[in-house]
Amino acid sequence: MDYDFRAIESKWQKFWAENKTYKVEENEQPKYYVLDMFPYPSGAGLHVGHPLGYIASDVFSRYKKLKGFNVLHPSGYDSFGLPAEQYAIQTGQHPAVTTENNIKRYREQLDKIGFCFDWDREVRTSDPSYYKWTQWIFKQLFDCWYNKETDKAERIADLVAKFESNGNKLVKADTSCETEFSAEEWRTYSEKEQSDLLQQYRLTYLDDAWVNWCPALGTVLANDEIKDGVSERGGYPVEQKLMRQWMMRITAYANRLLDGLEKIDWTDSIKDQQRNWIGKSKGASVRFKVDGFEEEIEVFTTRPDTIFGVSFMTLAPEHELVGKITSADCKAKVDAYVKAASLKTERDRQSDVKNITGEFIGAYAINPISGEKVPIWIGDYVLASYGTGAVMAVPCGDQRDYDFAKAFGIEIKNIFKDVDISKEACDDKSAIIANSDFLNDLPAKKAIGVAIQKIQELGVGKGKTQFRLRDAVFSRQRYWGEPFPVYYENGIPKMVPDDQLPVELPEVDKYLPTEDGEPPLARAKKENWPTFLGDRMEYNTMPGWAGSSWYFMRYTDPTNEKEFISKEKIDYWGNVDLYIGGSEHATGHLLYARFWTKFLYDLGYVPFNEPFQKMINQGMILGNSSFVYRLELASFFIPGLDDPNQVPAVKEFPEIFVTKEIYDDWANNEKLNMHYKQVVSKLESILNRLIPGDLSQVLSNVKWEYSFTKLHADISLVDNGVLNTEGFRNWRRDYRDAEFVLNKDGKYICGSEVEKMSKSKFNVQTPDELVDKFGADTLRLYEMFLGPLEQSKPWDTKGINGVHNFLRKLWRLFHDQDNNLTISEEAATDKELKTLHKTIKKIQDDLERFSFNTGVSNFMIAVNELTDYNCHKKDILEPLLILISPYAPHICEELWEKIGNAPGTMTKAQFPKFEEKFLVEANYAYPVSFNGKMRFKLELPTNLSKEEVEKEVLASDLSAKYLEGKAPKKIIVVPGKIVNVVL
RNA sequence: GCCCAGGUGGCGGAACUGGUAGACGCGCUGGAUUCAAAAUCCAGUUCUUUCGGGAGUGAGGGUUCGAUUCCCUCCCUGGGUACCA
């Protein structure tokens with residue numbers, strides 16, 4: 001074999017590991033920080049979709065190194081997580097053991113692809129030396145409050161000092177505390193009372209929060225683990241349960257999280273998702289009295305200027321006043337509506353736009369500005385979880401309110417001057433207000449301010465900015481997560497002192513919750529806890545996003561035992577310059593990491609406000625799933641056969657699978673389709689076998705009832721759409737006796753669909769087999785060659801030969817037919833230099849704009865051209881190797897060494913310098929267009945002026961044909977580009 | 001519903017600031033080499049055609065000497081979502 005990739009790749013992988021080629025230290029060079037999103041080491045290992053982003057970041061890191069940067073490109077593992085815990089529950093094996101095994105497998109797979117990670121910087125969230133500092137950060141959050149005056153986090157001690165001197169009256173904090181107290185009062189409070197009050201100021205605090213509790217599973221479930229009110233797994237009932245939880249006061253940072261988006265280079269899509277998630281809206285909160293009751297209804301509105309247009313009020317069905325103010329005659333209907341709404345999920349309520357529902361509750365609200373009485377309705381388009389759960393409905397100015405009013409025949413008042421609202425609402429903020437007393441003749445923009453002023457004067461409300469963002473629940477009732485550095489004493493939560501960190505996970509007998517629903521850690525006895533203080537330790541653990549909210553900082557100083565990171569290191573490395581990962585973390589990890597970064601910035605621990613300066617979201621690699629079609633026999637009836645004992649049961653039939661054509665035919669609902677006969681004859685032959693004796697006479701009239709279901713088949717059993725039926729029978733026990741109805745060529749054709757790659761869809765392609773067959777360099781090039789990084793694309797290995805051939809061609813540029821090195825010291829020709837410098841420019845430009853796929857094409861073009869020139873010159877090939885090395889490091893290192901460089905110095909090479917002079921040409925073939933249509937090319941010297949070009953074009957014989965003797969109206973000449981003749 | 005991304009040959013895709021549409025690769029067709037196959041090499045490959053051309057980047061308009069690129073309207077696909085008051 002000429003290009004022996006197996007030998008080359010294992011040689012260099014070994015060399016790099018032994019010589020620590022990719023180790024980085026702080027130095028004089030400018031820094032560049034490239035990071036991949038934290039991988040979770042799942043038991044399934046890597047599939048071809050995972051390395052896509054890692055390859056891109058690896059190529060970019062290597063490129064930046066060649067450009068003279070000191071590049072930090074680390075990796076590690078987000079190694080706490082649910083799958084390991086679930087496996088532990090099933091097998092009793094400690095999750096640390098499973099996790100360790102999974103990491104080993106991941107590492108092996110990663111190493112085979114030849115990444116330039118500095119593994120000396122590896123971090124694992126589940127390692128006590130790491131989570132010690134996650135706990136430490138938690139303690140800092142506990143020890144801080146948010147000062148709205150300075151707009152940053154400050155120490156609790158300062159707050160306590162303020163309380164001691166002035167109480168909380170003058171303190172402008174982000175707090176849930178609504179009671180006011182003086183300094184004297186503060187001093188009289190007990191320790192418990194003070195602790196409870198401070199909780200309302202701390203950035204992490206204990207509070208009761210509703211969770212989805214599933215008693216049968218003994219766990220709390222996420223929203224998407226619940227389908228139709230029961231657990232997705234097992235179908236057990238789920239109830240709402242109030243639980244004491246650690247919360248994160250992320251809402252204190254809402255404004256800064258929003259504003260910070262302006263300064264970072266992320267896609268609009270992710271930024272929009274974060275903006276929507278934070279959901280800032282400005283407006284006013286207004287209180288409406290309920291006619292005949294003491295109670296008031298508070299609403300939030302972004303359009304206080306339309307308050308004279310309020311025609312009715314809508315409450316969420318869950319609104320606490322609904323029970324109190326509903327009139328007796330409406331009660332039955334309202335109760336029924338509330339019940340119906342409670343059965344719908346928020347999603348259902350949101351997606352059902354066409355079906356407008358609601359119910360009048362027989363009560364009236366009084367408009368605090370106009371004094372008008374308006375009916376109160378409930379409607380499930382109003383959600384209790386947002387704002388106050390009540391809407392002042394202005395149908396003339398809001399389409400949703402408009403549709404509601406129309407649906408129930410509620411009067412629609414018009415408060416806009418010269419605007420027709422007979423068809424739809426008017427939400428144009430430039431419309432002029434009318435019929436609105438003091439707001440008349442003002443446009444909305446001005447009227448909003450005036451309205452708020454009036455509302456405040458009258459004391460019926462105030463201007464308000466509302467956020468959708470809610471404080472984040474930070475407790476999980478799980479085992480495999482960071483323990484909190486918290487213990488309880490007399491019911492007061494206290495922090496474990498720094499010198500006793502980390503609080504390590506205790507051993508437990510089972511990884512399940514206790515019978516009374518306490519988290520697994522409650523199983524640990526006092527002596528099981530490596531650290532135990534007070535009456536008891538905290539039983540909850542931290543969520544997955546705890547460790548991943550600061551891991552990018554730890555890479556700069558991964559083994560520091562004294563601090564979470566040192567000031568010098570983080571000052572040198574700064575924030576992440578390029579972050580590559582999927583967009584699925586848009587409102588999770590990416591928001592929380594920004595929150596923690598801003599917090600640590602406030603305390604002066606890190607010099608940056610935003611963790612990830614530029615981010616690229618790689619598209620998903622989709623799998624090509626294969627499907628088989630199983631016949632589901634419902635029943636059958638044999639006319640001439642009366643003895644029921646002679647009739648076999650449906651379940652005695654083997655599994656029957658039909659080829660795609662038959663399924664398609666059936667799915668197209670052709671009753672007596674052309675394949676019907678084949679299916680029936682298969683069924684009859686099976687029936688014949690099941691019934692003893694020859695019954696062929698009787699069998700001809702059997703009535704069959706059946707349908708088909710589509711099932712995933714493992715893609716390894718399918719070749720070019722054709723199922724390996726024998727392999728399929730052996731795939732699973734139930735299919736051992738499967739029968740197949742084949743197509744006319746005697747083949748079983750599978751269906752195929754492009755879907756997300758996942759184990760459950762049996763469409764996973766691992767990188768291992770490809771590395772084995774073609775080598776890591778080929779895989780790296782191929783994954784980059786597939787298309788733009790950001791786009792999702794189906795995985796298909798059809799084209800992989802193309803890039804593999806490219807590498808072989810590259811190899812052959814350095815070797816003769818007998819695979820002997822042939823490299824010449826001869827001076828390069830102009831043509832060869834042009835190819836080289838054209839390529840340098842392309843590769844550099846493409847990489848600077850993260851266009852990895854076009855880079856590969858350009859290598860191919862260069863190698864094709866040099867092959868044509870029969871070029872074996874070192875002056876050309878050596879720089880070319882440097883260009884290709886970020887993509888295909890193994891083969892390049894090998895050739896680099898072969899042509900006389902010291903081994904392992906490839907990464908220290910300098911990216912070749914592009915020189916314009918080699919691209920300068922004496923002539924250029926101008927494309928000449930007539931009325932915008934390209935007709936021919938005309939070779940002209942590049943130094944001609946516009947006028948000269950024009951003259952040459954008109955004088956050309958080729959032009960005569962298109963001019964047809966007419967004089968052109970106009971001629972456009974773009975020098976070096978194009979000529980267009982307008983007739 | 002709303003927000004975002006996208007729609008170019010048989011396929012993956014290229015065309016960067018409005019300037020030769022289809023680079024590069026796959027696949028396919030024909031040929032060379034071979035006893036044969038693989039591999040390799042050469043030629044062709046958007047569609048259509050009366051071989052002069054004509055049409056063509058989801059559809060329809062617009063701006064422009066010139067539009068895949070900019071603007072408007074619409075359709076389709078994928079992702080996100082909370083009817084957010």
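Each chain gets a letter, A, B and so on, in the order the sequences are listed, and its residues count up from 1.
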Anti or syn, where syn is a glycosidic angle within 90° of 0; which label fits B/G52? syn
Integer-rounded Å distance: B/U17 C1' and A/Arg849 CZ: 12 Å
Any Lys/Arg nitrogen of A/Arg849 or A/Asp846 sitting under 4.0 Å from an Asp/Glu carboxylate oxygen of the other? yes
Presence of A/Arg808 side-chain N/O under 4.0 Å of B/A39 phosphate oxygens OP1/OP2: no
Mind checking who B/C84 pairs with, Watson-Crick or G-U wobble, both distances under 3.5 Å? none
Regarding A/Glu783 and A/Lys793, does a basic nitrogen lie under 4.0 Å from an acidic carboxylate oxygen? no
Could you verify whether a donor N or O on one side chain and an acceptor N or O on the other, from A/Asn858 and A/Thr839, lie under 3.5 Å apart? no
Pick one for B/G9: is it syn, with its angle within 90° of 0, or anti? syn
Determine the interatomic distance between P on B/G52 and the same-named atom on B/G58; round to the nearest Å. 31 Å
Could you tell me whether A/Ile972 contacts a base, only the sugar-phosphate backbone, or nothing, with contacts defined as non-hydrogen atoms closer than 4.0 Å? base
Taking a pair to mean Watson-Crick or G-U wobble geometry with both distances below 3.5 Å, B/A38 pairs with none
Check every strand shown and say whether A/Lys842 touches a base, only sugar-phosphate, or nothing at a heavy-atom separation below 4.0 Å. base
Work out how far the C1' atom of B/G9 is from that of B/C26, and round it to whole angstrom. 13 Å
Has A/Ser281 got a side-chain N or O lying under 4.0 Å from the OP1 or OP2 atom of B/A85? yes
Mate of B/A14 across any strand shown (Watson-Crick or G-U wobble, both atom pairs under 3.5 Å) is none
Rounding to a whole Å, what distance do you find between A/Tyr924:OH and B/G19:P? 12 Å
May I ask you to evaluate whether A/Asn864 reaches the phosphate of B/G25, defined as a side-chain N or O under 4.0 Å from OP1 or OP2? yes
Find the partner of B/U63: check Watson-Crick (N1-N3 plus N6-O4 or O6-N4) and G-U wobble (N1-O2, O6-N3) distances, both under 3.5 Å, and reply none if neither fits. none
Heavy atoms under 4.0 Å, any strand shown: does A/Ser857 hit a base, just sugar-phosphate, or nothing? base
For B/U40, take OP1 and OP2 only and decide whether either is under 4.0 Å from a side-chain N or O of A/Asn805. yes
How long is the line joining NZ of A/Lys798 and P of B/C28, in whole Å? 9 Å
Using a cut-off of strictly less than 4.0 Å, decide whether A/Lys937 has a side-chain nitrogen or oxygen near OP1 or OP2 of B/U20. no
Which sits closer to the 5' end of RNA chain B, A/Asp846 or A/Asp796, going by the nucleotide each is nearest to? A/Asp796
Phosphate OP1/OP2 of B/A14 contacted by A/Asn853 side-chain N/O (<4.0 Å): yes
Pairing nucleotide - B/G9, Watson-Crick or G-U, each distance under 3.5 Å: none
By nearest atom, which of the nucleotides B/G80, B/A85, B/U20 is closest to the A/Gln273 side chain? B/G80
Under a 4.0 Å N-O cut-off, is there an ion pair linking A/Lys838 with A/Glu865? yes
At under 4.0 Å between heavy atoms, what does A/Val391 touch on the DNA or RNA strands: base, sugar-phosphate, or nothing? base
Hey, does A/Glu790 reach any base, or is it just sugar-phosphate, or nothing, if we go heavy atoms under 4.0 Å? nothing
Of the listed nucleotides B/G19, B/G13, B/A85, the one nearest the side chain of A/Ile978: B/G19
Taking atom P in both B/G1 and B/U68, compute the distance separating them and give it to the nearest angstrom. 30 Å
What distance, rounded to whole Å, do you find between the two C1' atoms, one in B/C28 and one in B/G60? 35 Å
Rounding to the closest angstrom, what is the interatomic distance between B/A59 and B/U8 at atom C1'? 15 Å
Using Watson-Crick or G-U wobble geometry with both distances under 3.5 Å, which nucleotide pairs with B/U69? none
So what's B/A55 paired with, Watson-Crick or G-U wobble, going by both distances under 3.5 Å? B/U46
Where the side chain of A/Met860 is defined as all heavy atoms beyond and including C-beta, which of B/A15, B/C24, B/C4 is the nearest nucleotide? B/C24
Work out how far the P atom of B/C70 is from that of B/G18, and round it to whole angstrom. 8 Å
Expressed in whole Å, how much space separates the C1' atoms belonging to B/U69 and B/G22? 15 Å
Tell me whether A/Arg287 is salt-bridged to A/Glu298, with the criterion being a basic N under 4.0 Å from an acidic carboxylate O. no
Comparing A/Lys793 with A/Lys809, nearest RNA chain B nucleotide closer to 5' gives the residue A/Lys793
Are A/Asp272 and A/Arg275 within salt-bridge range, i.e. N to O under 4.0 Å? yes
Would you classify A/Asn276 as touching base, sugar-phosphate or nothing, given that sugar-phosphate means primed atoms plus P, OP1 and OP2, and contacts are heavy atoms under 4.0 Å? base
Considering only NZ, NE, NH1 and NH2 on the basic side and carboxylate oxygens on the acidic side, decide whether A/Glu921 and A/Lys834 come within less than 4.0 Å. yes
Nearest to the side chain of A/Arg400, heavy atoms from C-beta on, is which of B/C24, B/A85, B/G19? B/A85
Is there a side-chain contact between A/Gln466 and the phosphate of B/C84, meaning an N or O under 4.0 Å from OP1 or OP2? no
Measuring only the P atom in each nucleotide, how far is B/G44 from B/G25? A whole number of Å is fine. 14 Å
Which of parallel (below 30°), tilted (30 to 60°) and perpendicular (above 60°) describes A/Tyr926 and A/Tyr924? perpendicular
Considering Watson-Crick and G-U wobble pairs with both distances under 3.5 Å, what does B/A23 pair with? none
Look at the side chain of A/Ile861 and decide which nucleotide, out of B/U20, B/C24, B/G19, has an atom nearest to it. B/C24
Any donor-acceptor pair under 3.5 Å linking the side chain of A/Gln274 with the backbone of A/Leu261? no
